[in-house]
Amino acid sequence: MKTNVVPLKIVAKLSDHRINSANGLIFFDCILYHAWFAKYAPEVLQDVGPHGSTNMNFGLPLRQLPTDLGIRYAASCGFYEQYGFTVEYWNKRPDFTGRNAKYLDGGGKIDTSKGELKAYHFPQIIRTVSDIEFYAMGNANKVRDLLTYIPAIGKKPAAGWGNVKEWVVEEFGEDWSTEGKYGLMRPMPVGEYDPKGRVYTLGDCAIKPPAWKPCNHTLCYIPKVIINAD
């Protein structure tokens, strides 16, 4: 039966080439996971996280492969050249509108160091990079459709980092979703992958979305995603 699953190359063309990523890893399956919910169940995205739930049937237009943790998707990480990085800060101030307006009454001092009115000043690693390449085995038309729901990639896109000017999805001659031109193309469990003498960093990593779920994590070989790194 024809499934229209073919090797794909996907390129995220960035607006200002600045992405927010502490470890440099950007997962294409996680991007599509977010896109699927943005299209079919946007209300769920308001409750995704360690205390939320995504217990519903969903399907990504990517080939599924067996692993000791159930399945993984045939999708690589993002690969790019990096030209530099800086530390910037993401700030969050208390919102004194609505139900929090009561804290302004009476002229008392407001403690913004804890609780629901806590102010945040978080350091963020901002990388200046080239356009980002991904590889996958999937349905090109369905992947293109889902990517229309992804205007930015990386952390804290609302702050202006990671804006995508254009997504380019094209059929590719080879399956580089797991191994390809750059060697290992995505995190792979240590017990399921032979590095063939190549040296990779080891680390705890999600091998399928959602990446915040501890049950989706295992010890993995980590790919070298920065193409021009020494």
Side-chain angles (χ1 to χ4, degrees), residues 3-12 19-36 50 54 58-82 85 125 127 129-140 142-143 146-147 150 153-155 169-230:
T3 61
N4 296 319
V5 172
V6 297
L8 300 175
K9 178 180 179 180
I10 304 100
V11 179
I19 61 169
N20 183 340
S21 177
N23 62 12
L25 295 175
I26 302 174
F27 300 96
F28 189 66
D29 53 3
C30 290
I31 290 172
L32 286 193
Y33 177 89
H34 186 92
W36 190 95
T54 55
F58 72 95
L60 302 185
L62 299 172
R63 175 168 291 170
Q64 295 185 15
L65 300 171
T67 130
D68 290 344
L69 296 184
I71 62 101
R72 69 175 176 87
Y73 293 99
S76 77
C77 287
F79 287 78
Y80 51 86
E81 293 188 9
Q82 179 172 292
F85 67 90
I125 303 299
R127 303 171 185 269
V129 302
S130 64
D131 292 336
I132 302 177
E133 304 173 11
F134 303 90
Y135 298 86
M137 289 291 296
N139 182 300
K142 293 182 178 180
V143 167
L146 286 181
L147 289 176
I150 302 296
I153 56 180
K155 295 183 177 180
V169 180
E170 57 188 11
E171 293 191 17
F172 194 64
E174 300 178 60
D175 174 11
W176 285 8
S177 62
T178 300
E179 291 185 306
K181 178 180 179 180
Y182 307 120
L184 181 63
M185 302 293 283
R186 55 159 298 127
M188 286 293 294
V190 168
E192 300 179 32
Y193 180 72
D194 179 5
K196 303 179 180 69
R198 291 170 293 191
V199 178
Y200 293 106
T201 300
L202 294 179
D204 180 74
C205 194
I207 63 166
K208 62 181 179 180
W212 53 261
K213 272 193 171 184
C215 64
N216 291 339
H217 284 237
T218 191
L219 182 64
C220 289
Y221 293 107
I222 308 296
K224 301 172 184 178
V225 299
I226 301 176
I227 298 169
N228 58 338
D230 294 333

Indicate yes or no for a side-chain donor-acceptor contact from [X] to the backbone of [Y] under 3.5 Å, with no hydrogens or angles considered.
| X | Y | answer |
| --- | --- | --- |
| W36 | L146 | no |
| Y80 | G24 | yes |
| K208 | L69 | yes |
| H217 | W212 | no |

If I compare all heavy atoms of [X] with all of [Y], which pair ends up nearest, and what's the gap?
| X | Y | result |
| --- | --- | --- |
| L25 | C205 | CD1-SG, 4.4 Å |
| P210 | N216 | O-ND2, 3.0 Å |
| G78 | I132 | CA-CG2, 3.6 Å |
| L184 | P223 | O-CB, 3.1 Å |
| R198 | G183 | NH1-CA, 3.6 Å |
| F27 | A206 | CE2-O, 4.2 Å |

When you compare the side chain of [Y] with that of [X], does any pair of heavy atoms fall below 4.5 Å?
| X | Y | result |
| --- | --- | --- |
| N23 | S21 | yes |
| R127 | I226 | yes |
| D29 | R186 | yes |
| M188 | C220 | no |

Euclidean distance, [Y] [atom2] relative to [X] [atom1], rounded to 0.5 Å:
| X | Y | atom1 | atom2 | result |
| --- | --- | --- | --- | --- |
| I71 | L60 | CD1 | CG | 8.0 Å |
| K224 | Y221 | NZ | OH | 13.0 Å |
| L65 | S177 | CG | OG | 6.5 Å |
| I207 | L219 | CD1 | CG | 11.5 Å |
| K155 | I19 | NZ | CD1 | 11.5 Å |
| Y73 | R63 | OH | CZ | 14.0 Å |

On the 0 to 90° scale, with breaks at 30° and 60°, tag the W176-Y182 ring pair as parallel, tilted or perpendicular.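 It falls in the perpendicular class, over 60°.
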Name the orientation class of the two ring planes belonging to F134 and F28 (parallel below 30°, tilted from 30 to 60°, perpendicular beyond 60°).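 Ring orientation, 0 to 90° scale: tilted.
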Could you check E133 against Y135 for side-chain hydrogen bond (donor to acceptor under 3.5 Å, both in side chains), going step by step and ending with a plain yes or no? CA-CA 7 Å; E133 304 173 11; Y135 298 86; 2.7 Å; yes
Checking side-chain contact (heavy atoms from CB on, under 4.5 Å) for the pair L32/L147: CA distance, chi angles, key distance, verdict? CA-CA 7 Å; L32 286 193; L147 289 176; 3.8 Å; yes
side-chain contact (heavy atoms from CB on, under 4.5 Å) between L8 and E171, worked out: CA-CA 5 Å; L8 300 175; E171 293 191 17; 4.3 Å; yes
Pair T218-D68, side-chain contact (heavy atoms from CB on, under 4.5 Å): steps then yes or no: CA-CA 10 Å; T218 191; D68 290 344; over 6 Å; no
Give the C-alpha distance, both sets of side-chain angles, the deciding distance and a yes or no for side-chain contact (heavy atoms from CB on, under 4.5 Å) between T178 and R72. CA-CA 11 Å; T178 300; R72 69 175 176 87; 3.1 Å; yes
In terms of heavy-atom contacts, does CZ of F85 have more than 12 from other residues, nucleotides or ligands at under 6.0 Å?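 No, because the 6.0 Å sphere around CZ of F85 holds 12 heavy atoms or fewer from other groups.
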